[in-house]
Amino acid sequence: MVKITIMGASGTIGKNVAFTLAREDIIDEIVMFSRPSSKEKVKGEILDMYDALAAEDIDIKLKASCDYEDLSGSKIVLITSGIPRKPGMDRLDLAIPNAKLIRDYSKKIAQYAPDSIILIVTNPVDVLTTVALEASGFDKKRVIGVGNHLDSLRLKTILARKFNINSGEVHTRVIGEHGDHMVPLLSYTTIGGILLNNFMTRTHLKKEDLVDQLKNAGSTIINKKGATEYGPSYAISNLISTIVTDSRKIVTVSTYLEGEVEGVYDVSLGVPVILSKDGIKNIINISMDESEKEKFLDAARVVKKCTYKVQDELNKQ
């Protein structure tokens, strides 16, 4: 039996992930964990989902809970809880307010679901991936931040729309920080197997404009509707499905690096990995041009500085 728990299930991302996964019909039980004050709201969400799932003849157990014992037996524990990013806020602005919550939840996960995989969504996801790793005591392959998986999907969408082609023809990847220091690997991006540079030379489109649009993608949505919803929810569901089905896809997620990338140590960043039923199977070594490598190292420095600051604050509490 496959069971997952979503911590922060009363929020927009949590409930959307639950419904998306339920429709895929690959999970037997989803525990929708929330604060006691939100439990009735979550029960309402579940009743609404059951009505929708009946139309597709899908049977799944959905449970509203605020009891940590219900984490027991979870294959994956997803943490979406935290203060959401608001217009004008940088993801790193959320570091200290959200770190204590992630630390406390990670300790509870280690206690009640010691064999699970922790999947972090809460921002700043790279910093909080390290916080969750240290608090849980898990092997790093079982503590994963959603990170650049969503950024990579966004870049894929941007390129498909710019060139008016099917998104399936675009193969690209974003690494580094899930934030202003993300690094799109444009030098290795292909469209239909053809390097992106061949397309760029035929248009007036500049790489700098693509990067700016990518970095502002989340903020643009937040400024217009108040929060991101469908993109993150699907990206998260995609990662969970990859783990549950042992698909061993190559995805870009945040993981703790101890020198797997030259010059980068003791920091969590987005890199390509093979994702399996056990979590991160392998980190994929990639070649970067000099500009991309320098930007990646910049991302490491920024995230590490913020991580140290958060660790210092947590140690005081």
Side-chain angles (χ1 to χ4, degrees), residues 125-126 144-221 228 230-239 241-243 245-255 257 260-264 269-276 280-300:
V125 65
D126 303 293
I144 304 166
V146 172
N148 298 127
H149 182 53
L150 175 59
D151 298 319
S152 298
L153 295 175
R154 284 173 171 164
L155 180 55
K156 184 175 184 176
T157 299
I158 290 169
L159 291 170
R161 294 181 65 188
K162 290 289 186 184
F163 295 107
N164 194 27
I165 56 170
N166 188 292
S167 60
E169 296 292 340
V170 181
H171 295 278
T172 190
R173 198 166 300 279
V174 179
I175 63 173
E177 182 212 4
H178 177 54
D180 290 339
H181 293 82
M182 66 180 70
V183 184
L185 298 178
L186 297 180
S187 63
Y188 297 98
T189 294
T190 61
I191 298 178
I194 302 168
L195 285 172
L196 176 63
N197 285 338
N198 289 278
F199 290 83
M200 299 292 288
T201 55
R202 302 173 194 171
T203 69
H204 297 295
L205 191 63
K206 297 179 180 179
K207 288 185 178 180
E208 293 79 7
D209 294 334
L210 281 177
V211 174
D212 285 344
Q213 186 175 346
L214 172 64
K215 289 183 177 180
N216 293 320
S219 296
T220 299
I221 296 170
T228 55
Y230 307 115
S233 300
Y234 184 81
I236 296 160
S237 301
N238 180 247
L239 292 178
S241 297
T242 299
I243 293 170
T245 60
D246 196 26
S247 300
R248 285 166 285 176
K249 293 179 181 178
I250 297 176
V251 295
T252 309
V253 294
S254 188
T255 185
L257 301 174
E260 290 88 350
V261 179
E262 183 182 353
V264 179
L269 285 176
V271 291
V273 307
I274 299 174
L275 201 57
S276 73
I280 293 174
K281 185 176 179 63
N282 294 110
I283 294 174
I284 305 298
N285 291 319
I286 54 174
S287 297
M288 294 177 263
D289 66 25
E290 288 303 313
S291 174
E292 291 163 346
K293 185 175 181 179
E294 184 55 39
K295 290 174 182 176
F296 187 78
L297 293 174
D298 285 342

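The chain is numbered in sequence order, starting from 1.
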Answer yes or no: does atom [atom1] of [X] have more than 12 heavy-atom neighbours from other residues, nucleotides or ligands under 6.0 Å?
X: K156; atom1: NZ; answer: yes
X: K281; atom1: NZ; answer: no
X: Y234; atom1: OH; answer: no

Least distance between heavy atoms, [X] atom then [Y] atom:
X: I175; Y: P272; value: CG2-CD, 4.0 Å
X: A299; Y: G176; value: CB-CA, 4.3 Å
X: S152; Y: T172; value: O-CG2, 4.0 Å

Roughly how far apart are [X] [atom1] and [Y] [atom2], rounded to 0.5 Å?
X: I243; Y: N238; atom1: CD1; atom2: CG; value: 10.0 Å
X: I280; Y: I144; atom1: CD1; atom2: CD1; value: 4.5 Å
X: L214; Y: K207; atom1: CG; atom2: NZ; value: 14.0 Å
X: K295; Y: L185; atom1: NZ; atom2: CG; value: 10.5 Å
X: H149; Y: H178; atom1: NE2; atom2: NE2; value: 11.5 Å
X: D212; Y: K206; atom1: CG; atom2: NZ; value: 11.0 Å

Residue pair [X] / [Y], side-chain heavy-atom distance below 4.5 Å:
X: D298; Y: V183; result: no
X: L196; Y: I191; result: yes
X: T228; Y: L150; result: no
X: V211; Y: L186; result: yes
X: T189; Y: F199; result: no
X: V271; Y: V264; result: no

Quiz prompt | Main-chain N/O of D180 paired with K215 side-chain donor or acceptor, under 3.5 Å | solution = yes
Practice problem: Check for a donor-acceptor pair, side chain of N148 on one end and backbone N or O of E177 on the other, with a separation under 3.5 Å. | Solution: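 Pair found, side chain donor or acceptor close to backbone of E177.
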Quiz item: Are L257 and I283 close enough, and set up right, to give a side chain to side chain contact (heavy atoms under 4.5 Å, CB included), and what steps lead you there?
Solution: CA-CA 9 Å; L257 301 174; I283 294 174; 3.9 Å; yes
Quiz prompt | Which residues share a side-chain contact (heavy atoms from CB on, under 4.5 Å) with D289, sequence neighbours left out | solution =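 Partners of D289 under the side-chain contact (heavy atoms from CB on, under 4.5 Å) test: S187, S291, E292.
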Atom pairs and distances, donor-acceptor, side-chain atoms in residues 247-254, under 3.5 Å, two or more places apart:
{"unit_1": "S247", "atom_1": "OG", "unit_2": "T245", "atom_2": "OG1", "d": "2.5"}
{"unit_1": "R248", "atom_1": "NE", "unit_2": "D246", "atom_2": "O", "d": "3.4"}
{"unit_1": "T252", "atom_1": "OG1", "unit_2": "R173", "atom_2": "NH1", "d": "2.9"}
{"unit_1": "S254", "atom_1": "OG", "unit_2": "D126", "atom_2": "OD1", "d": "2.9"}

